[in-house]
Structures are given as structure tokens and as C-alpha cells.
Amino acid sequence: MKDFAGKIAVITGGGTGMGRELARQLVAEGCNVAMCDVSAEAMAETKRLCEVELPQGLRITTHVADVSIEDHYKRFRDELIEQQATDKIHLLFNNAGIGGGGSLFSNTREQWERTFNICWGGVYLGVRTFLPLLVKADEAHIVNTSSVNGFWASVGMGVSHTAYSAAKFAVKGFTEAMINDLRLNAPHVKCSVVMPGHIGTSIVSNSRKVQNGSDQLNADELKQARQRLQGQGIDVAKMSDADIQQLALDRARIFHDEAPTSAAAAAKVILDGVKAERWRILVGDDAHLLDERVRKAPEQAYSPEFYQDLVAATGWKVG
């Protein structure tokens with residue numbers, strides 16, 4: 001697929017971050033977009049930004065949906081068919097994701113499964129739901145967002161990261177297995193797995209809103225935050241809960257504002273990868289560096305020295 005003009009793209013998690021930037025760049029290239037998100041307000045802002053220079057005749061539709069719920073996906077599909085006046089799509093970006101539920105010990109089962117069911121279940125259900133519409137197109141491409149946590153299950157020594165990592169490993173394996181499944185059964189449909197490093201998005205604050213209903217830490221998360229800070233050598237004994245909350249808000253801001261790769265830059269890398277029919281799309285210099293180091297020394301990948309060297313090389317401010 002060398003260009004996107006006249007095509008129809010589905011984007012999950014289109015309200016913010018990479019989803020928003022994918023929508024903006026696709027529309028700029030003359031692509032129709034149908035996006036879903038749990039936030040109607042966030043999608044309305046994405047649509048407003050897209051419509052600033054909307055080419056005549058293009059359609060942008062927004063659909064409220066939780067990607068972990070199959071009935072929401074089916075409603076999204078049915079609305080798309082009606083509002084986009086089509087029985088086919090050309091591009092599917094399974095982009096929606098949240099963090100949270102990192103520990104089997106200190107998080108609830110509900111938190112753990114909420115993260116897993118969105119980050120992995122949302123990808124699986126997205127492909128299941130939209131595959132018939134993709135197959136009907138003359139050419140089509142599925143783009144599943146994994147992460148560097150799809151090949152390295154950590155964000156540092158002081159924090160557990162099991163739900164997100166397990167989901168992203170599943171996305172990576174699923175997409176790689178799809179390569180041959182599509183070759184055998186629908187060779188005009190391609191697929192790519194995207195593995196971003198640290199991208200400047202609102203995933204930290206958005207994840208809390210999805211998990212907790214606000215961007216404030218709950219009691220379990222306060223305890224985990226203290227544990228993480230203590231693991232980083234910070235004396236938390238004299239810090240109040242309000243102090244910890246403020247540090248968490250600062251961390252979310254830093255994650256967004258001081259990332260080495262912006263969401264817009266990430267979206268361009270992804271779309272260029274689709275045009276080049278690359279099945280494996282690493283996003284960010286940190287992703288390339290981490291991929292190289294994990295492959296070179298897999299037995300050392302979870303040692304303190306590995307992480308310390310990684311932070312020194314990338315300037316990461318996560319974990």
C-alpha cells in the first residue's frame with residue numbers, strides 16, 4: 001500500500017497520543033478515518049484537529065467503544081458500515097492501550113485483567129471483528145501496537161510490570177503468527193507489529209483514569225509508588241501521601257513532555273513502515289537500542305546492570 005488516498009482506516013484509541021496523530025496524518029493524506037475511544041470528548045478534539053484542513057469529501061467518524069468488550073466492537077463496526085457507507089476497510093490500527101495491574105501481589109485481579117484485556121484482548125477482538133471487511137478490500141493492512149515490552153518485560157528494577165508486558169508479548173506473537181496465516185488465506189492483507197519505545201503520550205494519566213476513574217493514585221498505588229521510590233534510593237519516610245500524589249502527577253507530565261520521541265514522530269514512522277510493507281516496526285532510537293541489547297545478551301536483560309546501562313544510554317526517565 002504505497003499511499004492512503006481514498007482508503008478507509010479504523011483506529012482504536014483515537015482520542016489521544018499516537019491514535020490522534022495517526023488520524024491527523026492519515027486525513028492529511030486523503031484517507032477516511034473511523035476512530036473509537038472510551039472518551040467522546042477526546043475524540044471530538046481529534047476530529048476538530050483533523051477537520052482544520054480536511055480535504056473535501058473525506059469522512060471522519062467517532063465511535064465510543066471499550067475495546068475489551070466484543071459487543072462494543074460489533075456496534076462500532078455496524079456504525080462504521082452505515083456512517084462511512086462501506087462494506088470494506090483498508091487499514092486497521094489496533095492502537096488502544098493502558099498501563100496498570102503490574103503486580104500479581106499488590107494489584108487486584110480486576111486491575112490486572114483490565115490492562116490485559118484492553119492491551120491484548122482489544123487487538124484480538126479488533127482483528128476478529130474487522131477481518132471480513134479487510135478481506136473485502138483489494139488491499140489491506142493490519143497494524144497491531146505492541147511495545148518494547150513485547151520483547152523486554154520490564155520498565156526498571158523498582159516496579160512490577162506483568163500485565164502490560166504479558167499483553168504486549170501476546171500482541172507480538174499473534175501478529176508474527178498472522179503473517180503466514182494471511183499469506184495462506186488472504187495474501188492481499190498484510191500485517192505489522194509496532195514496538196515503540198518511550199513515546200510522548202498521555203498513557204500514564206489516561207491509564208489511571210480508566211483504572212480508577214481519576215488521575216489520582218488509589219491506596220494500593222500509593223503503596224507501590226513508595227516501594228518504587230524506595231527502590232530508587234529515595235527516602236520516602238517523611239513524604240506524605242500528597243507528596244507521593246504530586247510526584248505521580250509529575251511523572252505523568254514528564255512521560256508526556258520529555259519523551260525522546262513525540263506521538264507525531266511515532267505516527268510517521270508507523271505509516272512509513274506500512275507503506276514499505278515492513279512487518280516489524282520499531283519506533284524510537286531507544287527501541288532500536290533496547291532491541292539490539294536484548295538480542296545480544298538475553299540472559300542479562302533483567303539484571304540491575306543492564307537497566308542502569310540502558311538508562312545511561314537512552315536517558316530514560318521511566319520506571
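Follow the hydrophobic side-chain contacts under 4.5 Å out from V135 and you reach Y73 in the same cluster.
Looking at R75 and E79, a side-chain N of the basic residue comes within less than 4.0 Å of a carboxylate O on the acidic one, giving a salt bridge. The pair E51-R48 does not count as a salt bridge, with every side-chain nitrogen at least 4.0 angstrom from each carboxylate oxygen. E176 and R280 are not joined by a salt bridge, as no carboxylate oxygen comes within less than 4.0 angstrom of a charged side-chain nitrogen. The pair K268-D272 meets the salt-bridge criterion, with a side-chain N (NZ, NE, NH1 or NH2) lying under 4.0 Å from an Asp/Glu carboxylate O.
Other residues, nucleotides and ligands contribute more than 12 heavy atoms inside 6.0 Å of the CZ atom of F169. The neighbour count for D87 CG, taken as heavy atoms of other residues, nucleotides or ligands under 6.0 Å away, is above 12. Within a 6.0 Å radius of CD in E292, no more than 12 heavy atoms belonging to other residues, nucleotides or ligands are found. Residue-environment remark: CG (D309) exceeds the threshold of 12 foreign heavy atoms within 6.0 Å.
Residues satisfying the side-chain contact (heavy atoms from CB on, under 4.5 Å) test with S192, not counting sequence neighbours, are H141, I281. Here T115 pairs with Q211 under the side chain to side chain donor-acceptor pair (under 3.5 Å) rule; sequence neighbours left out. Listed by chain and number, the residues in a side chain to side chain donor-acceptor pair (under 3.5 Å) with N144 are N94, T175 (sequence neighbours excluded). Partners of E29 by side chain to side chain donor-acceptor pair (under 3.5 Å), not counting sequence neighbours, listed by chain and number: K275. Residues that satisfy the ring-ring contact (aromatic ring centres under 6.0 Å, His included) test with F130, not counting sequence neighbours, are F76.
Here the side chains of V27 and P55 are in contact, with some heavy-atom distance below 4.5 Å. Looking at V143 and V274, their side chains come closer than 4.5 Å, going by heavy atoms from C-beta outward. Annotation: side chain of V123 is not in contact with side chain of V67 (no heavy-atom distance under 4.5 Å). Within the 4.5 Å cutoff, side-chain heavy atoms of R20 are placed close to those of L49. At a threshold of 4.5 Å between non-hydrogen side-chain atoms, the residues C191 and V189 do not count as touching. No side-chain heavy atom of K47 sits less than 4.5 Å from a side-chain heavy atom of T61. Annotation: side chain of W120 is not in contact with side chain of N117 (no heavy-atom distance under 4.5 Å). Taking 4.5 Å as the limit, some side-chain heavy atom of R77 sits within range of a side-chain heavy atom of L133.
Interatomic distance, CE of M195 versus OG of S146, reported as 6.5 Å (0.5 Å rounding). Going from atom OG1 of T129 over to atom CD of E70 covers 5.5 Å, rounded to the nearest 0.5 Å. Here CD of E21 is found 11.0 Å from CG of N95. Values are rounded to the nearest 0.5 Å. Taken to the nearest 0.5 Å, the CD1 atom of I8 stands 10.5 Å off from the CG atom of L58. To the nearest 0.5 Å, atom CD1 of residue I69 and atom NZ of residue K74 are 13.0 Å apart. In this structure, CZ in R278 is found 16.0 Å from NZ in K190, a value given to the nearest 0.5 Å.
Remark: the S68 side chain and the R114 side chain contain an N/O donor-acceptor pair separated by less than 3.5 Å. Side chains of H188 and D138: no donor on one and acceptor on the other come within 3.5 Å. A donor-acceptor pair shorter than 3.5 Å can be found between the side chains of Y124 and R128.
Of the possible donor and acceptor atoms, one in the side chain of Q84 sits under 3.5 Å from a partner among the backbone N and O of V33. At least one donor-acceptor pair closer than 3.5 Å links the side chain of Q111 to the backbone N or O of T108. Checking side-chain atoms of R59 against main-chain N and O of N32 turns up no donor-acceptor pair under 3.5 Å. Side-chain atoms of D286 never come within 3.5 Å of backbone atoms of T314 as a donor-acceptor pair (strictly under, hydrogens ignored).
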**Request:** Output, in order, the C-alpha distance, side-chain angles, deciding distance and verdict of side-chain contact (heavy atoms from CB on, under 4.5 Å) for V127 and M178.
**Result:** CA-CA 10 Å; V127 172; M178 280 178 56; 4.3 Å; yes

**Request:** Walk me through it: do Q300 and R293 pass the test side-chain contact (heavy atoms from CB on, under 4.5 Å)?
**Result:** CA-CA 9 Å; Q300 304 302 315; R293 293 193 175 196; over 6 Å; no

**Asked** What's the verdict on side-chain contact (heavy atoms from CB on, under 4.5 Å) for N149 and V155, showing C-alpha distance, side-chain angles and the deciding distance?
**Response** CA-CA 8 Å; N149 290 134; V155 288; 4.0 Å; yes

**Message:** With side-chain contact (heavy atoms from CB on, under 4.5 Å) as the criterion, how do L91 and C31 come out once you've worked through the C-alpha distance, each side chain's angles and the decisive distance to 0.1 Å?
**Reply:** CA-CA 10 Å; L91 294 153; C31 186; 4.2 Å; yes

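Counting all heavy atoms, side chain and backbone alike, F151 lies closest to K172 at CB-CE, 4.5 Å. Across A137 and H90, no two heavy atoms sit closer than the pair CB-CD2, 3.7 Å. When all heavy atoms of V64 and M43 are compared, the closest pair comes out as N-CE, 3.8 Å. Contact record, L134 with A140: O-CB, 3.6 Å, taken as the closest heavy-atom pair. The shortest non-hydrogen separation linking N107 to G102 is OD1-N, 3.0 Å. For A34 against L80, the heavy-atom pair with the smallest separation is CB-CD1, 3.4 Å.
A ring-ring contact (aromatic ring centres under 6.0 Å, His included) check over residues 93-114, counting only residues at least two apart or in different chains, returns the pairs W112-F116.
Ring orientation note: the planes of W152 and Y307 are close to parallel, at an angle under 30° on the 30°/60° scale.
Each of L26, L22, T12, I60 was checked for a side chain to side chain contact (heavy atoms under 4.5 Å, CB included) with M35, and the lone residue meeting it is I60.
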